[in-house]
2 protein chains.
Amino acid sequence: MPAAARGQARVSEAIVHRIKKQITEGRLLAGHKLPAEREMARQFKTSRVSVREAYRSLEEVGVLRIRRGADGGAFVLQLDHQPVLRSLALVLGLGRTSHRELTEARMLIEPPIARLAALRARREDIVRLQGVIAQEKIEAARRTGPFRPTASRFHRTVADCTRNLPLIVLMNALADLTADAAAVLDVSTRARHRLKNTLFHEQLFEAIRSHDGDAAYAIMAKHVGDIQRRVRHSLARRGQ
Amino acid sequence: MPAAARGQARVSEAIVHRIKKQITEGRLLAGHKLPAEREMARQFKTSRVSVREAYRSLEEVGVLRIRRGADGGAFVLQLDHQPVLRSLALVLGLGRTSHRELTEARMLIEPPIARLAALRARREDIVRLQGVIAQEKIEAARRTGPFRPTASRFHRTVADCTRNLPLIVLMNALADLTADAAAVLDVSTRARHRLKNTLFHEQLFEAIRSHDGDAAYAIMAKHVGDIQRRVRHSLARRGQ
DNA sequence: CGAAGGCAATGGTCCTACCTTTCCGCGCCG
DNA sequence: CGGCGCGGAAAGGTAGGACCATTGCCTTCG
């Protein structure tokens with residue numbers, strides 16, 4: 001907060017800072033509704049404009065959601081990896097960065113995550129992972145349904161096992177970024193590899209359940225490498 | 001851009017979107033000055049309020065810097081890891097997340113980065129790394145100067161060798177976050193370990209220069225582990 | 001020649017009025 | 001009796017104007 005350090009010159013920044021603070025301190029939780037603009041302006045003895053600037057800034061960052069109409073207002077969002085995803089997408093230029101780089105980054109960080117997950121997984125994590133795999137099988141049998149949501153859900157659940165918030169956030173952000181880019185995969189390719197995916201996931205699950213970190217590392221490395229190769233072929237076929 | 005997808009309902013969001021696009025497309029470069037608020041309002045046939053909301057949002061994200069006074073205005077910033085750092089700091093709650101988790105994340109991703117750096121490093125990278133180490137030695141001899149900037153500069157330069165933008169950005173953001181937290185280290189501890197640091201850096205440099213990925217991985221793993229242990233002791237001594 | 005003061009451009013804030021969207025409830029009509 | 005529709009109320013969205021604060025530049029005066 002560079003401007004804030006320069007003396008909180010702006011009213012709107014003071015409001016932004018206060019709200020951020022209340023959120024990080026847990027005094028403002030997801031779903032809470034902030035005072036209406038007019039009300040907030042009255043409380044801060046300022047104008048609606050300044051309040052609006054604060055609210056709009058926080059909305060752009062991904063902290064608030066502003067809704068219009070009766071019973072509208074500014075609502076606090078669940079603080080997940082969304083803000084990080086947004087800023088990453090912005091910095092990476094949404095296209096200036098190749099899909100190759102993104103998957104490469106995943107290739108680098110997912111295996112160590114898998115290892116840590118295997119070492120840290122508790123019983124409830126095992127149950128969750130099992131549930132995700134079961135869900136995958138059901139959807140694979142149906143041969144329908146969207147590929148994306150479940151495909152990365154397993155990876156995200158693995159990351160959760162690490163109980164390391166920075167890692168979980170970065171992992172989810174990267175997963176979302178690559179998922180957007182992976183939309184290039186045609187339907188036939190997806191179907192052909194869905195079974196293979198699930199097999200990999202089952203192997204990884206076994207490694208995690210038996211707390212075998214090195215095995216989890218190796219399996220994940222192979223798995224992500226496979227995904228990378230697959231996408232690259234698909235991109236090459238389309239001319240890219 | 002969820003709201004934008006809902007039909008660009010808001011004027012300010014249209015402006016935000018347009019500016020972001022111009023930046024990612026390279027039509028707006030760092031240092032460029034955006035039109036004055038009144039001028040921009042005239043161009044968009046709207047009011048100053050909407051323009052201000054757009055500018056302020058972009059400033060909060062870290063894309064613009066707004067200055068007052070004659071020759072003031074909205075200036076495009078160099079798009080580095082800053083936005084990612086900000087959003088990460090917000091999501092991690094600036095304190096809710098322990099320093100342990102942050103260094104753990106670095107421990108996980110830095111060794112693979114070092115390996116990739118060793119495999120990819122070109123001649124100019126070697127030269128840069130050499131320069132950073134030389135700088136470190138000079139400052140170590142002086143026994144003065146700030147520890148932080150040079151300490152992480154080596155790590156950042158290593159990350160640059162990977163030529164993988166996502167990795168570089170994430171690495172820098174994490175480095176900044178841990179640097180803030182590492183301010184707890186007292187001066188004597190820093191001085192005592194400065195030499196040790198440089199030794200590690202020289203070993204790593206040799207591994208990178210000879211393109212020995214596995215060696216780079218091992219050295220970096222040991223190095224980061226050492227830093228982590230050091231900070232943890234320091235925290236324990238202070239009662240955390 | 002140099003320093004002080006005024007000028008102009010630009011952002012920062014405030015005010016006020018009015019529009020748009022949305023929910024909710026009342027009342028009309030079937 | 002019940003469903004449907006319309007209008008009021010509440011909230012955000014926009015507009016335009018006025019004035020203050022800041023800062024660089026330029027003129028003017030000592």
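Chain A is the first sequence line, chain B the second, and so forth, proteins listed ahead of strands; every chain is numbered from 1.
Closest to the V11(A) side chain, of the nucleotides dG11(C), dT13(C), dG13(D), is dT13(C). Residue I66(B) places its side chain closer to dG11(C) than to any other of dA9(D), dG11(C), dG12(D). Checking dG12(D), dT10(C), dA8(C) against the side-chain heavy atoms of E37(A) singles out dG12(D) as nearest. Side chain of S47(A), nearest nucleotide from dG24(D), dC15(C), dT22(C): dC15(C).
A close approach under 4.0 Å does occur between a side-chain nitrogen or oxygen of T46(A) and OP1 or OP2 of dC14(C). Contact check, S50(A) against dC14(C): a side-chain N or O comes under 4.0 Å of OP1 or OP2.
Comparing E53(A) and R68(A) by the nucleotide of DNA chain C that holds the closest heavy atom to each, the one mapping nearer the 5' end is E53(A). Between G69(A) and K45(A), it is K45(A) whose nearest contact on DNA chain C lies nearer the 5' terminus. The 5' end of DNA chain D is approached more closely, in terms of each residue's nearest nucleotide, by G73(A) than by the other of V49(A) and G73(A).
Note on R38(A): a base of the nucleic acid sits closer than 4.0 angstrom, heavy atoms only.
Ring planes of H155(B) and H201(B): perpendicular class, angle over 60° (limits at 30 and 60°).
Under the 4.0 Å criterion applied to side-chain N and carboxylate O atoms, E124(A) and R163(A) are assigned as salt-bridge partners. For D125(B) and R120(B), the salt-bridge test fails: no basic side-chain N is under 4.0 Å from an acidic carboxylate O. The pair D160(A)-R153(A) fails the salt-bridge criterion, with no side-chain N (NZ, NE, NH1 or NH2) lying under 4.0 Å from an Asp/Glu carboxylate O.
Computed from coordinates, the F44(B) CZ to dG13(D) P distance equals 18 Å when rounded to whole Å. The distance between atom CE of M40(A) and atom P of dA11(D), rounded to the nearest whole Å, is 14 Å. For Y55(B) and dG11(C), the OH to C1' distance is 11 Å, given to the nearest whole Å.
Under 3.5 Å, the side chain of R52(B) and the base of dG11(C) form no donor-acceptor pair of N or O atoms. For R48(A) against dG13(D), a side-chain-to-base donor-acceptor contact under 3.5 Å is present.
Using a 4.5 Å heavy-atom threshold, the side chains of K20(B) and L58(B) count as touching.
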